[in-house]
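These figures come from a predicted structure and were not determined experimentally.
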Amino acid sequence: QMGIIMKNKKKSTFDRIMSDSEQKKRFEKEYVQFFFSELLLEAMDEEHISVRALSKKSGVSTSVIQNMRSMKPTNITIKTMASLLKPLGYQLAATKGRRTVILTA
C-alpha cells in the first residue's frame, strides 16, 4: 500500500491564525458562539418552537435570540445560555472526570 506524503513547508492559514495568540483567542470565542448558535437552531427546530415562544419561556429577549440565529456577534452569559436551553429540554453542565455540576438558570 502506498501513501502520499506532502512536504509542504508553508504554514496553512489556519496554522498561522492559531500561532497568533490574539487571533487564536478570537477564533475560539467565535467558534464557541457558532457552536452554541447551531445547537440553539437545531433544538428550536426539533421542538418546533418559535423565537417569540422561546423568548416567552426563557425570559430572553427576542432580539438576543434573533441575533444568535443569524450568527451576529452576541455576548451572552452562562445564565442566558441556561435560560435558552431549559425550555428546549437541555441542561447546561460543567464536567470534570466523574463529577458533573448542572448550571441552572
Side-chain angles (χ1 to χ4, degrees):
Q1 190 171 1
M2 197 168 156
I4 298 173
I5 299 173
M6 295 184 68
K7 292 188 176 186
N8 185 352
K9 295 191 181 200
K10 286 186 175 181
K11 280 186 168 184
S12 69
T13 301
F14 183 76
D15 288 335
R16 282 194 303 275
I17 289 171
M18 291 298 115
S19 66
D20 180 307
S21 64
E22 286 302 310
Q23 286 186 339
K24 183 178 179 180
K25 282 180 194 173
R26 189 174 48 189
F27 171 83
E28 288 170 351
K29 182 181 177 185
E30 289 172 0
Y31 179 76
V32 168
Q33 183 177 331
F34 168 78
F35 180 78
F36 185 71
S37 294
E38 285 294 305
L39 172 65
L40 187 67
L41 288 170
E42 187 176 308
M44 288 176 70
D45 190 45
E46 285 175 1
E47 295 298 316
H48 308 289
I49 190 169
S50 69
V51 170
R52 188 168 286 140
L54 181 58
S55 175
K56 190 173 182 179
K57 289 182 178 187
S58 68
V60 177
S61 75
T62 55
S63 61
V64 169
I65 298 168
Q66 285 287 27
N67 284 346
M68 294 190 70
R69 283 179 50 127
S70 62
M71 305 292 181
K72 287 184 183 171
T74 308
N75 287 326
I76 64 167
T77 64
I78 289 174
K79 182 178 167 112
T80 301
M81 278 185 182
S83 296
L84 288 168
L85 291 173
K86 189 175 183 179
L88 298 168
Y90 285 86
Q91 291 181 320
L92 195 58
T95 304
K96 181 178 181 181
R98 294 180 181 208
R99 183 173 181 216
T100 298
V101 178
I102 303 301
L103 307 171
T104 58

To the nearest 0.5 Å, tell me how far Ser70 OG sits from Met68 CE. 10.0 Å

With a 4.5 Å limit on heavy-atom distance, are the side chains of Leu39 and Tyr90 in contact? yes

Gln33 (side chain) donor-acceptor with Lys72 (main chain) under 3.5 angstrom: yes

Tell me whether Thr62 contacts the main-chain N or O of Val51 through its side chain, where contact means a donor paired with an acceptor under 3.5 Å. no

Is there side-chain contact between Ile102 and Leu92, with heavy atoms separated by less than 4.5 Å? no

Quick one: closest heavy-atom pair of Ala82 and Leu103, and the distance? CB-O, 3.7 Å

Verify whether one side chain among Ser83 and Thr80 offers a donor that lies under 3.5 Å from an acceptor in the other. no

Kindly indicate whether the side chain of Glu46, heavy atoms from C-beta on, has any atom under 4.5 Å from the side chain of Glu42. yes

So do Met44 and Arg69 actually touch side chain to side chain, heavy atoms under 4.5 Å? yes

If we ignore hydrogens and angles and just use 3.5 Å, is the side chain of Thr100 paired with the main-chain N or O of Thr95 as donor and acceptor? no

Can you tell me if Ile78 has over 12 outside heavy atoms packed within less than 6.0 Å of its CD1? no

Side-chain heavy atoms nearer than 4.5 Å, only ILVMFWY residues, links allowed to pass through others: does that put Val101 and Met81 together? yes

Taken to the nearest 0.5 Å, the spacing of Ile65 CD1 from Ser58 OG works out to 4.5 Å

Other residues, nucleotides, ligands: >12 heavy atoms within 6.0 Å of Gln91 CD: no

Could you tell me if the side chain of Phe36 sits less than 4.5 Å from the side chain of Leu85, heavy atoms only? yes

Do Val60 and Ile76 come close enough that some side-chain heavy atom pair is under 4.5 Å? no

